[in-house]
Q: 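What follows is a single structure, and I will ask about it in a moment.
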Amino acid sequence: MEHGFFQKVYEIVRRIPYGRVTSYGAIAEFLGSRGSARMVGWALNSTKDSTGDIPAHRVVNRNGLLTGKRHFGGKDLMKELLESEGLIIEDDRIINFKEKFWDPKVEI
DNA sequence: AACTTGACGGTCA
DNA sequence: ATGACCGCCAAGT
């Protein structure tokens, strides 16, 4: 197993509690200078090859917008996954984002 | 080796 | 509120 930037990202994403969400930037910030928000999105992109135990749908952009939805199967798979966890989504935006936001640097 | 492309975010007009 | 720009940096071409 490697311990590169990607692995660190996976570790954090796996820790996002059910029904909560975080942002690419928050993860990048938590990892310090080891990466930018773009890198986090990149890391998640490669989870498609991975085993699939990574809840990538719980990562959205800083505005609670489902910017990564097109990388999931189906038309609205990402949205459906989040809704099934109790989040309210309207026009690809998480309405109760602030309440559901989980910040790794304060909650870990 | 050079250029483009992003699941991003902050700043400024 | 909206849009342009810039920094970010690994991968693909």
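Letters A, B, ... mirror the listed sequences (proteins, then strands); counts begin at 1. Computed from a predicted model, the values in this text were never measured in an experiment.
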Q: Rounded off to whole Å, could you give me the NZ-to-P distance for the A:Lys79 and B:dA7 pair?
A: 20 Å
Q: Return the nearest nucleotide to the side chain of A:Thr67; candidates are B:dG6, B:dA7, B:dG10.
A: B:dA7
Q: Within this structure, what is the CD-to-C1' distance between A:Glu29 and B:dG10, rounded to whole angstrom?
A: 12 Å
Q: With no hydrogens and no angle check, is any side-chain donor or acceptor of A:Arg93 less than 3.5 Å from a backbone partner on A:Leu65?
A: no
Q: Rounded to whole angstroms, how far apart are CZ on A:Phe72 and P on B:dA7?
A: 12 Å
Q: How long is the line joining CG of A:Leu31 and C1' of C:dC9, in whole Å?
A: 14 Å
Q: Do A:Asp92 and A:Lys79 meet the salt-bridge criterion of a basic N to acidic O distance under 4.0 Å?
A: no
Q: Please test A:Glu85 against A:Lys100 for side chain to side chain contact (heavy atoms under 4.5 Å, CB included), starting from the C-alpha separation and ending with a verdict.
A: CA-CA 11 Å; A:Glu85 298 190 7; A:Lys100 303 295 186 176; over 6 Å; no
Q: Using purine N1 to pyrimidine N3 plus N6-O4 or O6-N4 for Watson-Crick, or N1-O2 and O6-N3 for G-U wobble, both under 3.5 Å, which nucleotide pairs with C:dA4?
A: B:dT11
Q: Nearest-Å distance, CG (A:Asn63) to P (C:dA1)?
A: 10 Å
Q: Check every atom of B:dG9, C:dC9, B:dA7 against the side chain of A:Asn61 and return the nucleotide holding the closest atom.
A: B:dG9
Q: Looking at side-chain heavy atoms only, is the closest gap between A:Asp76 and A:Lys69 below 4.5 Å?
A: yes
Q: Given atom CG of A:Asn45 and atom C1' of C:dC9, what is their separation to the nearest angstrom?
A: 15 Å
Q: If you only use heavy atoms from C-beta on, which nucleotide in B:dG9, C:dC8, B:dA7 is closest to the side chain of A:Ser36?
A: C:dC8
Q: Rounded off to whole Å, could you give me the CD1-to-P distance for the A:Ile27 and B:dG9 pair?
A: 10 Å
Q: What interatomic distance, in whole Å, is found between P of C:dC5 and the corresponding atom of B:dT4?
A: 15 Å
Q: Give the rounded distance in Å between these two atoms: CZ of A:Phe6 and P of B:dG6.
A: 16 Å
Q: Output the single nucleotide from B:dA7, B:dG10, B:dG6 whose closest atom is nearest the side chain of A:Met39.
A: B:dG6
Q: Between A:Ile12 and A:Trp102, does the side chain to side chain contact (heavy atoms under 4.5 Å, CB included) criterion hold? Intermediate values first, please.
A: CA-CA 11 Å; A:Ile12 296 173; A:Trp102 178 83; 4.1 Å; yes
